[in-house]
Protein chains: 4
Amino acid sequence: MSGSTFGKLFRVTTWGESHGLAIGAVVDGCPAGLSLCEDDIQIFFNRRKPGQSRYTTMRKETDQVEILSGVFEGKTTGAPISLIVRNLDQRPKDYGNLVNTYRPGHADFTFTEKYGIRDYRGGGRSSGRETIGRVAAGAIASLLLKEMGIKLTAYTKSVGPVVISPEDYHFSQITENSLYMPNNEAAAKAASYLDTLIKSLDSSGGTIECVVTGLPVGLGEPVFDKLDANLAKAVMSVGAVKAVEIGDGTSVVTSTGSKNNDPFCIADGKITKKTNHSGGILGGMSDGSTLLLRASVKPTSSIAQMQNTVTESGEEVELSIHGRHDPIIVPRAVVVVESMTALTLVDLLLENMTSRLDNVKAFYTEEKNVQ
Amino acid sequence: MSGSTFGKLFRVTTWGESHGLAIGAVVDGCPAGLSLCEDDIQIFFNRRKPGQSRYTTMRKETDQVEILSGVFEGKTTGAPISLIVRNLDQRPKDYGNLVNTYRPGHADFTFTEKYGIRDYRGGGRSSGRETIGRVAAGAIASLLLKEMGIKLTAYTKSVGPVVISPEDYHFSQITENSLYMPNNEAAAKAASYLDTLIKSLDSSGGTIECVVTGLPVGLGEPVFDKLDANLAKAVMSVGAVKAVEIGDGTSVVTSTGSKNNDPFCIADGKITKKTNHSGGILGGMSDGSTLLLRASVKPTSSIAQMQNTVTESGEEVELSIHGRHDPIIVPRAVVVVESMTALTLVDLLLENMTSRLDNVKAFYTEEKNVQ
Amino acid sequence: MSGSTFGKLFRVTTWGESHGLAIGAVVDGCPAGLSLCEDDIQIFFNRRKPGQSRYTTMRKETDQVEILSGVFEGKTTGAPISLIVRNLDQRPKDYGNLVNTYRPGHADFTFTEKYGIRDYRGGGRSSGRETIGRVAAGAIASLLLKEMGIKLTAYTKSVGPVVISPEDYHFSQITENSLYMPNNEAAAKAASYLDTLIKSLDSSGGTIECVVTGLPVGLGEPVFDKLDANLAKAVMSVGAVKAVEIGDGTSVVTSTGSKNNDPFCIADGKITKKTNHSGGILGGMSDGSTLLLRASVKPTSSIAQMQNTVTESGEEVELSIHGRHDPIIVPRAVVVVESMTALTLVDLLLENMTSRLDNVKAFYTEEKNVQ
Amino acid sequence: MSGSTFGKLFRVTTWGESHGLAIGAVVDGCPAGLSLCEDDIQIFFNRRKPGQSRYTTMRKETDQVEILSGVFEGKTTGAPISLIVRNLDQRPKDYGNLVNTYRPGHADFTFTEKYGIRDYRGGGRSSGRETIGRVAAGAIASLLLKEMGIKLTAYTKSVGPVVISPEDYHFSQITENSLYMPNNEAAAKAASYLDTLIKSLDSSGGTIECVVTGLPVGLGEPVFDKLDANLAKAVMSVGAVKAVEIGDGTSVVTSTGSKNNDPFCIADGKITKKTNHSGGILGGMSDGSTLLLRASVKPTSSIAQMQNTVTESGEEVELSIHGRHDPIIVPRAVVVVESMTALTLVDLLLENMTSRLDNVKAFYTEEKNVQ
């Protein structure tokens, strides 16, 4: 398998299977001098930790991260940062009956076809646990962004039919409910919807939204490495995401140019936009407005309901998946989408420093060590 | 600017500005032995050529491609293929009044902020003409896919409020109307909607869909280079695209696991799926079903209606954009989305060959020239 | 710091500092189905392990590798392989006096200037211990090459003035002496030379040679990713290497075309070459002959002799470096050069599979799972 | 063929065959705001132009470069710069007898084996003409370096047995003789040596050296993307180069630590080195001293002397290569080595800007457009 690395200058490589010995990531290209300790990462882990509510799995995973390299006396040194989390609660026997059966909606079939071999324990590499490495790296990226005054906020915008409109957003409430919704009332409705699904041994989809403020103008490289293109890849690479939208997203198709164009204006002596249908991106570059993206997450594929499927040897069978599974992926994926957004932004932020000769020249001619 | 290259093994680099001397692309990594001539590319160009109907610009661009390298005696040699199209119909004076004014919805502002300099002629690098290079490369990728029995079909699924349901698709009608819709009746309605917008000096958005049949199982690299992730980047990198969906896309959020999971079954002795909500991708790898993706395209930003905006020096002004502009981008972007899909597929198709040791071993031990 | 990853399809990322908690590597892109266990890697480690003779440091490093991911039931799964070695014998106090002093020949000065911070313990990231990750990955690459019938042999060609001519090579003797020389008599002379240097608190340089047999024709991508170019980078990236030569190397400058050209001939019905001045590479591609490369390794920079140098604050001081240091780097670097060669070859071996349409087509049309 | 792109942030893609319609390069990632016109590139072309003396081919190639994109009103815009040179003097018939015969020392055999097809006209992609693209890009890189006060000087250090010692270097004489040697007397001897070889229908090898002054400290990324590693790849990727040396190069093997270590000292209040055996690189990063590298170039493979070889169909034949060929490659390759050095330096110079958080932070918080 290839493709376990993300980024060009700020590069993250994740590794590890659901029920292997450990899960981890290596972050290469982190600028030197950033204060970093394990607690900074643990805070992010807590947001994706299972066992937080009855809507997330009961698997007791302590998920303690260890920083093995790249940090010296509390600061990053510029060397690759190796992050590791031991898998303590492995219960491979739970998956014994899935050794030869392809779970619908999962990667069992495609993985076996591609590689001829599959670590069937808990989804192996395709497990949601792979995101631990992403979140660990995302925590570091977020610290970097914070240094630049850039702030990310991600939350659950919808659970099944329960959708929150922007006018009802209360960002302070995001951490007040176990679904990470910016509206406690909506969260209560969503919880009741999920309870119904749990009873019917079913699961729900939902929407994650991420907003970013404080971005400078100009992040993103025109043409293929546009900010929105890289974000789309980053977010779509999260398992279960089936759509990525920027700004007004799919609704632009029924809009018109006169409504969808954001007029420029001057506010506080700076060029800004009266509206933000574009979601903070113009021509693939950040435009200084709030960045806004959305991810549509499919319902959890592992359900206890009886399903039709086949075995590796081509036998049609019925399958009911037991074990510890969330009725909805969304709440735990919120921090993953935020992490992928942070990784994308840092990478383009670094690259953007090299866009203009005058900046490059200033950097080197003002340096003290040119000899 | 960086980011003008797409792909890892099948690599495309595009170059050129709207009103520069020429536009082009270099394709590196094309396997040797493919029959290729300029007409193969010209066929693709004809699908994005302006001046085809009253819904596309009247700019008369002959867009004749020239293959400058990489082909010898009608076959690709494995060397990079350089493709060039001279810009014959440059009319920079049309843009004289836009030198210092930022057009809403365009990259003028972000480009200037990022680079400190901007080729203001017709959008420069951010012009739709940049896609000529993509389409030229896409034509080559499509020829390769055809050799493998893989077939791409792209079309306009919606124009403003006029949407075609899958049950009304008639793929044979796609080329029978100037909007590339798979339903002539819907195309007539869409045309009438566009006529209204033209009268009000406005523009429309729309949806492009692309389906791919004949794909082998296993394309895509789990984790970051998932097939859907790479497709999302590819398609979102097309200017004006604001959302990318795979399979059921945004509608998965209101579905449930029991409905959204595609049960596996056996048909004709092969493992297949009863439904295809996943759009042909499981765990980031092609699952052998039809690949289905959708792009939401915003309304043309260049409209003749009066708009509020600012100048480079920070003066608030009113602007009406004249010149040759389509009231909808969608029809001409259909072939671009198809091209980006083809490029993504070929790239992962090549990488997939290296996934298993037994294949690698067979390749080398059956080779005749091992010495 | 960036640049901790090597390879395009078979990708190795190393991490870890000399006296940090651990050292390791992640190998991504290893084909699935390769038998792999920790002992396979341990065998390679033993070849670079310190404390083997009086010419290598007395530091007792057990260097036990642990495979944390990517292997299931004894076979690689295609997932990234995470390899870790805990640092057990950390003695940072040995380096206490070096906190602020720049050791001549080392990266202390450049590292501090670049990053503004430096993990001074034992060279930190620039320590020879970084090569543990390379060797672990190299062991895996070597197993893959072995499956293809490709065999690498690396050895010490010279120690200071003691050089072995090809006619005196006895490859079976390489493991019979602690200097890894293919001639025990020369090794004895070299040992006596080193003894003299040890007495004068000095160190020696030397030459490493690596030969590869069984290579197919055609590895290497013309132009920038030539086989020799990638090998040059791979080998020059090993600390202390100051020159890389292919085939006749530097001696080609005094040769003539009529002598240096290797005439083609037919042997056993196959095209081969009468001589091999080219070292097995023509036009950047393997030519089926024995690949031959050489690396010139500088004398160990850490010497106990008194040296002039400066401190971080710009004070001129005298320095004598005590601690555990080899009087010659070469013997322990032999396996590192071999590992880097193996990594380069595997990477190009995989890429080469995609060079011809007929091969790509055969791969997909003979595949059973095309649907 | 893949591998036609060099660089990570400053990226060059070359294309074109010796006797195709044109040769060219695309440079992506060039910072915006650099003054650039065709004459800037032409100056570099003149240094590799054939027909300059009796030691270079008589082929009359005007080699006029055209800049097709990326420059607007005399300045780079940040967009990819497309450079093209039409091949005017194609004489494919000269190569008629080589269609099926493998020339010793050339890539004919390996190319055919790898790709199954070969553009036999003048070496096709493996021709020295491919370097036109490199030199065009190198000219741009050199202009950037000049803005930073970095100066490259490359020259012929040796021709066959005629070697110039550093104490006899007179850089002003480099352009005074057609061999680009920094010593006219040595050049005269070398010329007489070449005359002898021409008479015997033979060819000579030689050494190119490149020195760079004005480099800041810290260029190069530790581990795999070391400055010396990237330079080694860059220079070894030039056809005919068989060895790359940094600083004292191969001679370090007989040196000792006490002699080879460069003591640090203070001069003019700055940390510097008393000697420069390291060639300006420590731990893979520039150390502020003069960068020094050498390339060993093999004798021209195309010689008029009768040689033994084989045909594609495996027949042993004799071959005498007529046509226009230099008796030595070195003088025309001087500017190519210099170009590859410049490309490597610019790429690492840009990446180095992102090494420290304080620099990244200063860049963004001092920016005016953060909103």
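Throughout, a chain's letter reflects where its sequence line sits, starting with A, and its residues are numbered from 1. Note that the coordinates shown come from a computational prediction; the quantities given were computed from them, not determined experimentally.
Heavy-atom distances place the backbone of A/T311, and not its side chain, under 4.5 Å from chain B. If you measure heavy-atom distances from A/K226 to chain B, the contacts under 4.5 Å come from the side chain alone. With a threshold of 4.5 angstrom between heavy atoms, A/M340 approaches chain B through side-chain atoms but not through N, CA, C or O. Residue A/T300 touches chain B through its backbone alone, counting heavy-atom pairs closer than 4.5 Å. With a 4.5 angstrom heavy-atom cutoff, B/T5 touches chain A only via backbone atoms. Looking at A/T354, there are no atoms closer than 4.5 Å to chain B (heavy atoms on both sides), in backbone or side chain.
Each of B/D225, B/V253, B/V310, B/L293 has some count of heavy-atom pairs under 4.5 Å with chain A, and the biggest count is that of B/V253. When each of B/G239, B/S126, B/S278 is scored by its heavy-atom pairs under 4.5 Å with chain A, the top score falls to B/S278. The residue among B/S301, B/A229, B/G218 with the most heavy atom pairs within less than 4.5 Å of chain A is B/A229. Of the listed residues (B/T254, B/D358, B/T309), the greatest number of heavy-atom pairs within a distance under 4.5 Å of chain A belongs to B/T309. Options A/A107, A/G205, A/P299 differ in how many heavy-atom pairs under 4.5 Å they form with chain B, and the most are formed by A/P299. Counting heavy-atom pairs closer than 4.5 Å to chain A, the top residue among B/R294, B/M306, B/Q305 is B/Q305. Chosen from A/N308, A/L227, A/I281, the residue pairing most often with chain B at heavy-atom distances under 4.5 Å is A/N308. Between chain B and the options A/G105, A/G314, A/G249, heavy-atom pairs under 4.5 Å are most frequent for A/G249. Across A/G284, A/S255, A/A240, A/P161, the residue that shares the most heavy-atom pairs under 4.5 angstrom with chain B is A/S255. Ranked by heavy-atom pairs under 4.5 Å with chain B, the list A/V163, A/I117, A/T250 is led by A/T250. Most heavy-atom pairs under 4.5 Å with chain B: of the set A/G283, A/G116, A/S204, A/S286, this distinction falls to A/G116.
The side-chain heavy atoms of A/V244 and B/V244, taken from C-beta on, include no pair separated by under 4.5 Å. The closest side-chain heavy-atom distance from A/I266 to B/E315 is not below 4.5 Å. A 4.5 Å side-chain heavy-atom check between B/S258 and A/I303 finds at least one atom pair inside the cut-off. Within the 4.5 Å cutoff, side-chain heavy atoms of B/V223 are placed close to those of A/R134. Proximity of A/L282 to B/H106: side-chain heavy atoms (C-beta onward) are nowhere separated by under 4.5 Å. A/V297 has its side chain out of reach of B/V252: every pair of non-hydrogen atoms, C-beta onward, lies at least 4.5 Å apart.
Residues passing the salt bridge (charged side-chain N to carboxylate O under 4.0 Å, His left out) test with B/D262 are B/K273, sequence neighbours excluded. Partners of B/D119 according to the salt bridge (charged side-chain N to carboxylate O under 4.0 Å, His left out) rule, which considers only residues two or more places apart in sequence or in another chain, are B/R121.
Smallest separation of non-hydrogen atoms from A/M236 and B/D228: CG-O, 3.4 Å. Across every non-hydrogen atom of B/E221 and A/Y115, the tightest pair is OE1-OH, 3.7 Å. The shortest non-hydrogen separation linking B/K114 to A/G220 is NZ-O, 2.9 Å. Heavy atoms only, all atoms of each residue included: B/P222 and A/F111 are closest at CG-CE1, 3.9 Å. Looking at every heavy atom in both residues, A/V12 comes nearest to B/F224 through O-CE1, 4.0 Å. Of all heavy-atom pairs between B/Y102 and A/I271, the closest is CE1-CD1, 3.6 Å.
Expressed to the nearest 0.5 Å, how far NZ of B/K298 lies from OG of A/S251 amounts to 13.0 Å. Atom-to-atom distance recorded for B/N261:CG and A/D202:CG is 8.5 Å, nearest 0.5 angstrom. Atom CZ of residue A/F264 and atom CZ of residue B/R103 lie 10.0 Å apart, to the nearest 0.5 angstrom.
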